[in-house]
Engineer: 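Sharing a structure here in structure tokens format.
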There are 2 protein chains.
Amino acid sequence: MLLPIQNENGFDLHSIAANLEGLEETIIFILINRAQFAENRVVYQPHASGFEGAGEESLFEIRLRRHEEMDAEFGRFCVPEERPFMKGLPAAKRKVALPPTGLHIEDFDVVNVTEGILDAYLSLVGEICTKVDDGQYGSSVEHDVAALQAIARRVHFGALYVAESKFQLNPETYARLARAGDRQGLLRELTRAEVEERILGRIALKVEHIQSQINPLVRKSIPADAIMNFYKSSIIPLTKEGEIRYLLNRAL
Amino acid sequence: MLLPIQNENGFDLHSIAANLEGLEETIIFILINRAQFAENRVVYQPHASGFEGAGEESLFEIRLRRHEEMDAEFGRFCVPEERPFMKGLPAAKRKVALPPTGLHIEDFDVVNVTEGILDAYLSLVGEICTKVDDGQYGSSVEHDVAALQAIARRVHFGALYVAESKFQLNPETYARLARAGDRQGLLRELTRAEVEERILGRIALKVEHIQSQINPLVRKSIPADAIMNFYKSSIIPLTKEGEIRYLLNRAL
């Protein structure tokens, strides 16, 4: 995060949007790096991890769980926008000193939409990676974890701070809709079609530009429209789902 | 790795070089992602991790060790070019099925130059990151580990396969120099100044191109000459040091 998102008047929606924009390259870079390895479907299959003492869990699931257990001890999930994919993680072993978040919910995990992120990401892998098996299972799942975490950070950062910031701009309307439990009304109120269009266009241009001078003999590139569609059908809707959950649970 | 590096005649130096070229973007992407966080010097300081039960180790060292312990169980270090930074790691908990490596040394760790990589990388962090403290310690050390592993993979892949491939092209000369323990002679024989110049020029262009359309308000960019110098003064010389070690230990 390059920009402070709060000032004396509360949250600044432009700075929040700017931080979300800055996370786009991080996500794109990691997805391109993942695509340098084959899809390696077997790493997602249950009972096939080849990991000592493992049962049903796939190699991917074992890696994600082990990684999040480590991250939990480092205090990652004390940060509002860092929501875990796994349950039952250990407590933090270090104090994470955070400035006041400015958020108004008790439990950040009410906005946790990792289940939807995971489903969408696993479909995306099939679109950006070569559909073969190159045997590089360890590298594949390692990059999966990095990609999922970057995507989840973007989605939950948006869910929490965009929602709070919009609430502050229009507290009466949002409080009324939230009290009535009106999900459709909240979704309508939150949605800015022209902002979404701008994001999608920018994503496609970035994916194309970053790869425009790649040597295709040594580097696999990923299709811009796959990433744009991933934003359109998953990242943006899941962010809005998180925003709705935030607003439905916000202190009124 | 996109290209097979062996054929019926042994190693193909062009394919090895092509794979090294393909790793350049991976390294550049990860370094750019690291630079989105401040230098956060405290994470490298001993006795300052804030980690429960930790002693002298810095937060960075704890993270690197914990990450490599996990990786070791996943079998990462069974792969020739994956050399660990830490000692005393646990055994693999899964079988890593590798095709014959075609290498002719008993212990891949004779080429391990991670100590040099670590020193060089820690200097580089000070050049590419803003020299402040943004409190994002967990993210900083997480990106450090990813960057170090990408750099180490590039260096050791080159050290092992470039050396073996050059040996195969000129076995008498290399065997004579290796038997005589002639490090200077090996270094002279290995060095291709024009290839190094080409790599350096390409690195600078890539760093510039990838960042040329970045929005500086939302994204920190890293200087192309810092990355070019890192290749010049660290990645290339450390790869050659690894090549020399390989040749001095190769079965003759």
Side-chain angles (χ1 to χ4, degrees), chain A residues 1-3 17-26 28-30 32-33 36-37 49-54 59 62-63 66-67 70-71 73-76 79 82 92-99 134-139 141-142 146 149-150 205-206 209-210 212-215 217-220, chain B residues 1-3 17-26 28-30 32-33 36-37 49-54 59 62-63 66-67 70-71 73-76 79 82 92-99 134-139 141-142 146 149-150 205-206 209-210 212-215 217-220:
Chain A
M1 302 301 152
L2 283 187
L3 297 169
N19 282 310
L20 291 175
E21 184 183 335
L23 290 174
E24 290 163 4
E25 275 87 356
T26 299
I28 295 168
F29 289 165
I30 297 176
I32 296 173
N33 285 348
Q36 304 314 306
F37 304 94
S49 71
F51 207 88
E52 218 173 89
L59 189 68
I62 298 173
R63 179 75 184 194
R66 289 286 300 269
H67 198 105
M70 173 176 68
D71 279 344
E73 295 194 4
F74 277 78
R76 180 190 204 99
V79 178
E82 302 286 4
K93 287 197 167 178
R94 53 183 276 263
K95 263 223 182 74
V96 177
L98 287 174
D134 64 10
Q136 304 210 47
Y137 304 150
S139 295
V141 297
E142 170 196 330
Q149 291 191 329
L205 285 176
K206 283 183 181 180
H209 172 75
I210 289 166
S212 64
Q213 296 191 1
I214 255 173
N215 177 351
L217 293 174
V218 305
R219 192 97 185 150
K220 178 166 166 52
Chain B
M1 301 300 152
L2 282 188
L3 296 169
N19 282 310
L20 291 175
E21 184 184 337
L23 291 174
E24 290 163 5
E25 274 88 357
T26 298
I28 294 168
F29 288 164
I30 296 176
I32 297 173
N33 285 348
Q36 304 315 305
F37 304 94
S49 71
F51 207 88
E52 215 173 272
L59 189 67
I62 299 173
R63 179 75 184 194
R66 289 285 300 270
H67 199 107
M70 173 177 68
D71 280 343
E73 295 193 5
F74 277 79
R76 179 189 205 99
V79 178
E82 301 287 4
K93 286 197 167 180
R94 54 182 277 263
K95 263 223 180 75
V96 178
L98 288 173
D134 63 10
Q136 305 210 46
Y137 304 151
S139 295
V141 298
E142 170 196 330
Q149 292 192 328
L205 287 176
K206 283 184 182 180
H209 172 75
I210 289 166
S212 64
Q213 297 193 0
I214 255 174
N215 177 350
L217 293 175
V218 304
R219 191 98 187 149
K220 177 164 166 55

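Residue numbers start from 1 in every chain, and the chains themselves are labelled A, B, ... in the order their sequence lines are given, proteins ahead of strands. Please read these numbers as outputs of a predicted model, since none were measured by experiment.
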Engineer: Give the C-alpha distance, both sets of side-chain angles, the deciding distance and a yes or no for side-chain contact (heavy atoms from CB on, under 4.5 Å) between A:Gln149 and A:His67.
Structural biologist: CA-CA 10 Å; A:Gln149 291 191 329; A:His67 198 105; 3.8 Å; yes

Engineer: Would you say the side chain of A:Arg219 lies within less than 4.5 Å of the side chain of B:Thr26, judging by non-hydrogen atoms?
Structural biologist: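 Answer yes - side chains close enough.
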
Engineer: Do B:Gln213 and A:Ile210 come within less than 4.5 Å of each other through their side chains, counting heavy atoms only?
Structural biologist: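 B:Gln213 vs A:Ile210: side chains apart.
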
Engineer: Hey, which of B:Val96, B:Ile30, B:Ile28, B:Asp71 has the most heavy atom pairs under 4.5 Å with chain A?
Structural biologist: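 The answer is B:Asp71.
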
Engineer: At a heavy-atom separation under 4.5 Å, does B:Ile32 approach chain A through its side chain, its backbone, both, or neither?
Structural biologist: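 For B:Ile32, side-chain heavy atoms alone lie under 4.5 Å from chain A.
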
Engineer: Can you tell which part of A:Ile62 gets under 4.5 Å to a heavy atom of chain B, answering side chain, backbone, both or neither?
Structural biologist: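 Both backbone and side chain of A:Ile62 come within 4.5 Å of chain B.
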
Engineer: At a heavy-atom distance under 4.5 Å, which candidate from B:Arg63, B:Lys95, B:Met70 has the highest pair count against chain A?
Structural biologist: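 When all of B:Arg63, B:Lys95, B:Met70 are compared, B:Arg63 has the most.
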
Engineer: Of the backbone (N, CA, C, O) and the side chain (C-beta and beyond), which part of B:Arg76 lies under 4.5 Å from a heavy atom of chain A, both, or neither?
Structural biologist: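 Looking at B:Arg76, just its side chain touches chain A.
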
Engineer: Using a cut-off of under 4.5 Å on heavy-atom pairs, state which of B:Glu24, B:Glu21, B:His209 scores highest against chain A.
Structural biologist: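 The candidate making the most pairs under 4.5 Å is B:His209.
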
Engineer: Tell me, side chain or backbone of B:Ala92 under 4.5 Å from chain A's heavy atoms, or both, or neither?
Structural biologist: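 Contact with chain A is through the backbone of B:Ala92 alone.
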
Engineer: For B:Glu73, is it the side chain, the backbone, both or neither that has a heavy atom under 4.5 Å from a heavy atom of chain A?
Structural biologist: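 Both the backbone and the side chain of B:Glu73 come within 4.5 Å of chain A.
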
Engineer: So for B:Ser49, is it side chain, backbone, both, or neither that comes closer than 4.5 Å to the heavy atoms of chain A?
Structural biologist: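 Backbone only.
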
Engineer: Of all residues at least two apart in sequence or in a different chain, which pass the side chain to side chain contact (heavy atoms under 4.5 Å, CB included) check with A:Ala18?
Structural biologist: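 Partners of A:Ala18 under the side chain to side chain contact (heavy atoms under 4.5 Å, CB included) test: A:Leu3, B:Val218.
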
Engineer: Check the pair A:Arg94, B:Leu59 against side-chain contact (heavy atoms from CB on, under 4.5 Å), reporting the backbone distance first and the verdict last.
Structural biologist: CA-CA 10 Å; A:Arg94 53 183 276 263; B:Leu59 189 67; 3.7 Å; yes

Engineer: What residues form a ring pair (Phe, Tyr, Trp, His ring centres under 6.0 Å) with A:Phe74, not counting sequence neighbours?
Structural biologist: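 Partners of A:Phe74 under the ring pair (Phe, Tyr, Trp, His ring centres under 6.0 Å) test: B:Phe51.
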
Engineer: Measure the CG-OG distance between B:Leu205 and B:Ser212 for me, rounded to the nearest 0.5 Å.
Structural biologist: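 It is 11.0 Å, given to the nearest 0.5 Å.
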
